[in-house]
Structure formats: C-alpha cells, structure tokens
Q: 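One structure coming up, written as structure tokens, with questions to follow.
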Amino acid sequence: MQTLLFALLLSAFTSATILPGTSEAALAALVASGDYAVWLLVVVATLGNVMGSCVNWGLGLYIDHFRDRRWFPVSPGALDRASHWFGKYGLWSLLLAWLPIIGDPLTLFAGIMRVRFVPFIVLVTIGKAARYAMIAGGAGWIVNLLGHT
C-alpha cells in the first residue's frame, strides 16, 4: 500500500519537472480503487508536485548564470517576454503553476525572478492542491456514478 503512495508522490514530482509524469491518472486510479482516503491521496500528490516545483524554482535561481551559453535552453527574447509577462501579472500568476505547458516554466521563472520562497510555496501549493482536489473529486464522482447504475 505504501508503495503506491510513493509511486503517486514520484509521479507528481516528475510531473512538475521536465521529466514526464502521469500524476492525474495515478491519482484518479487510486481514488477509484477505494483503498485510500481521498484527502491522503490529494495531500501526497500535492506534496510531490510542489516538491517538483521547488526544484524548478531552485534551478531558476542559478540558471540565469548560464544565460550567455550556447546550450542555454531559452532565447534572450523569450526570456525578456517571460520577464515582461511575469512583471505584468506578478506573484499571483503562481496560482496557475498547475497549468499544462506554462506551469513548469512559470515556477522556473519564479526562481529566475528571485521570488521569495515562502510566497512561492504558498501560492504554488494553493493552486496545485486545488487542481488535485478537483481531479480526486471528479474521479470519486465518476466512481459513484458508475457504481449506482
């Protein structure tokens, strides 16, 4: 049983980094199994995903030192656009760190922009916990719906 919780944590962690992960499917499957308290699954998935975002934030703190290297993954123009966007929408945009495609770069860019860790962790956790709660609720609803037909 604990192995599956660790697998969920690891999947959620990798989902928040550049590594592939399937945390939403893992969470939904574990909710559907009925073997765990839903709140526990949401907490584990959120914890893993926030930990992955913290890795991105930490990388962002140091990646700027390499901006002049040829292998640097972001063009100066893209970095400037992201800086402008982050400056326009600010800290509150971290509530959207759960979104596909833009969420992971957003957490990396928060590190580049030197966002303080406590506000970072609070906003990212709120957004990611809300997403996992919605996924778990939806999975539970489907299981109940199918179980009553």
Q: With the side chain counted from C-beta on, respond yes when Phe13 and Val50 share a heavy-atom pair under 4.5 Å apart, and no when they do not.
A: no
Q: Among Leu40, Leu47, Val42, which residue meets the side chain to side chain contact (heavy atoms under 4.5 Å, CB included) test with Val44?
A: Leu40
Q: Can you give me the closest heavy-atom contact between Tyr132 and Ala45, atom names plus distance?
A: CE1-O, 3.5 Å
Q: Looking at NZ of Lys128 and CD1 of Ile121, how far apart are the two atoms once the value is rounded to the nearest 0.5 Å?
A: 10.0 Å
Q: Can you name the side chain to side chain donor-acceptor pair (under 3.5 Å) partners of Ser11, sequence neighbours left out?
A: none
Q: At their closest point, which heavy atom of Ser53 faces which heavy atom of Ala16, and how far apart are they?
A: N-CB, 3.7 Å
Q: To the nearest 0.5 Å, tell me how far Leu145 CG sits from Ile142 CD1.
A: 8.0 Å
Q: If every non-hydrogen atom of Thr107 is compared with every non-hydrogen atom of Ala97, which pair is closest and at what distance?
A: CG2-CB, 3.7 Å
Q: Let me see the working for Asp104 and Thr17 under side chain to side chain contact (heavy atoms under 4.5 Å, CB included), right down to the final yes or no.
A: CA-CA 6 Å; Asp104 299 341; Thr17 65; over 6 Å; no
Q: Just checking His84: does its NE2 atom have more than 12 heavy atoms from other residues, nucleotides or ligands closer to it than 6.0 angstrom?
A: no
Q: Once rounded to the nearest 0.5 Å, what's the spacing between atom CZ of Phe109 and atom CD1 of Ile63?
A: 11.5 Å
Q: Quick one: are Thr46 and Val43 in side-chain contact, heavy atoms under 4.5 Å?
A: no
Q: Check whether any side-chain heavy atom of Ile126 sits under 4.5 Å from a side-chain heavy atom of Leu94, and report yes or no.
A: no
Q: Does the side chain of Leu30 reach to within under 4.5 Å of the side chain of Leu27, using non-hydrogen atoms?
A: no
Q: If you group Ile, Leu, Val, Met, Phe, Trp and Tyr by side-chain heavy-atom gaps below 4.5 Å, do Met134 and Val38 land in one group?
A: no
Q: For Ala136 versus Val31, what's the shortest heavy-atom pair and its separation?
A: O-CG1, 3.8 Å
Q: Check step by step if side chain to side chain contact (heavy atoms under 4.5 Å, CB included) holds for Arg116 and Phe120.
A: CA-CA 6 Å; Arg116 291 183 332 224; Phe120 170 84; over 6 Å; no
Q: Taking all heavy atoms of Arg114 and all of Gly60, pick out the closest pair and write down the distance.
A: NH1-O, 3.9 Å
Q: Would a distance-only check, ignoring hydrogens and angles, find a side-chain to backbone donor-acceptor pair under 3.5 Å from Trp98 to Ala129?
A: no
Q: First locate atom CG of Leu10, then atom CZ of Phe6, and finally report the distance between them rounded to the nearest 0.5 Å.
A: 5.0 Å
Q: With rounding to the nearest 0.5 angstrom, report the CG to CG distance, Leu61 to Leu108.
A: 9.5 Å
Q: Got a second to check how far Met51's CE is from Thr125's OG1, nearest 0.5 Å?
A: 11.5 Å
Q: Please tell me if the side chains of Leu8 and Leu4 come closer than 4.5 Å, counting only heavy atoms from C-beta onward.
A: no
Q: State, to 0.1 Å, how close Ser15 and Asn49 come at their nearest heavy-atom pair, and which atoms those are.
A: CB-ND2, 3.8 Å
